[in-house]
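Below is one structure, written out as structure tokens, with a few remarks after it.
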Amino acid sequence: MHQERIQEVISRLQSLEPSYLDVIDESHLHVGHPGAQTGMSHIKIKIASKQLEGLSKLMQHKKIYHTLGSLMKTDLHAVAIEIIPVNFEQT
């Protein structure tokens, strides 16, 4: 079930045209937390996108939350976001 959610998150975030995207399911780290008890996921998003450049951290997060849409209410309990500079080279 969590893998399907991760794939849906990846699919929705493609609209931001990321040059780098990694979505990590961290639900196993939150066993016992209220969101885990309801079956919702805890995820970490690492993303580089020109659409996020120049925005404040607050606006970057709002744009990502808006892109995730209904998943924020139905499937995701917690989302950690790491914005990576577009020109950063992953090794």
Side-chain angles (χ1 to χ4, degrees):
M1 182 65 127
H2 290 291
Q3 191 57 35
E4 291 172 8
R5 285 184 185 148
I6 297 299
Q7 290 304 315
E8 181 62 24
V9 167
I10 291 168
S11 177
R12 290 185 185 205
L13 291 174
Q14 292 305 312
S15 69
L16 297 177
E17 301 173 326
S19 57
Y20 177 82
L21 177 61
D22 190 15
V23 179
I24 304 152
D25 184 357
E26 295 186 334
S27 299
H28 65 283
L29 301 174
H30 302 275
V31 173
H33 291 191
Q37 293 170 357
T38 63
M40 296 172 80
S41 296
H42 289 68
I43 64 169
K44 181 172 188 175
I45 297 169
K46 294 181 179 183
I47 186 169
S49 169
K50 287 186 178 184
Q51 293 186 34
L52 300 173
E53 281 190 328
L55 300 177
S56 69
K57 190 173 200 172
L58 176 64
M59 293 309 293
Q60 290 172 332
H61 286 219
K62 281 186 173 186
K63 188 163 189 144
I64 289 170
Y65 296 149
H66 178 75
T67 302
L68 295 175
S70 62
L71 292 177
M72 293 299 297
K73 294 181 181 179
T74 60
D75 293 78
L76 303 174
H77 177 70
V79 178
I81 300 170
E82 181 181 344
I83 305 296
I84 299 169
V86 172
N87 59 355
F88 181 79
E89 292 189 24
Q90 292 291 319
T91 55

Please determine whether side chain to side chain contact (heavy atoms under 4.5 Å, CB included) holds for the pair Val9 and Val79, giving the CA-CA distance in whole Å, both sets of side-chain angles, and the decisive distance to 0.1 Å. CA-CA 11 Å; Val9 167; Val79 178; over 6 Å; no
Side-chain donor/acceptor pairs under 3.5 Å, residues 59-73, sequence neighbours excluded:
{"unit_1": "Gln60", "atom_1": "NE2", "unit_2": "Leu52", "atom_2": "O", "d": "3.0"}
{"unit_1": "Thr67", "atom_1": "OG1", "unit_2": "Lys63", "atom_2": "O", "d": "2.8"}

I'd like to check the side-chain contact (heavy atoms from CB on, under 4.5 Å) partners of Lys44; sequence neighbours left out, ordered by chain and number.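 Lys44 satisfies side-chain contact (heavy atoms from CB on, under 4.5 Å) with Ile24, Glu26, Lys46, Ala80, Glu82 only.
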Partner set under side-chain contact (heavy atoms from CB on, under 4.5 Å) for Glu17, not counting sequence neighbours: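 Partners of Glu17 under the side-chain contact (heavy atoms from CB on, under 4.5 Å) test: Gln51.
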Decide side chain to side chain contact (heavy atoms under 4.5 Å, CB included) for Gln14 and Leu21; before the verdict, give the C-alpha distance in whole Å, the side-chain angles of both, and the deciding distance to 0.1 Å. CA-CA 9 Å; Gln14 292 305 312; Leu21 177 61; 3.5 Å; yes
[X] [atom1] to [Y] [atom2] distance, which is reported to the nearest 0.5 Å:
X	Y	atom1	atom2	value
Lys50	Leu16	NZ	CG	14.0 Å
Asp75	Ile43	CG	CD1	10.0 Å
Glu8	Leu13	CD	CG	10.0 Å
Ser41	His77	OG	NE2	11.0 Å
Asp22	Ile47	CG	CD1	10.5 Å

Determine, step by step, whether Glu53 and Val86 satisfy the side chain to side chain contact (heavy atoms under 4.5 Å, CB included) criterion, reporting the C-alpha distance in whole Å, the side-chain angles of both residues, the deciding distance to 0.1 Å, and the verdict. CA-CA 8 Å; Glu53 281 190 328; Val86 172; 3.4 Å; yes
Heavy-atom pair with the smallest gap, counting every atom of Ser49 and Pro18: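 It is CB-CA, 4.2 Å.
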Can you name the nearest heavy-atom pair linking Ala48 to Pro85, along with the distance?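 Smallest interatomic distance, heavy atoms only, reads CB-O, 4.0 Å.
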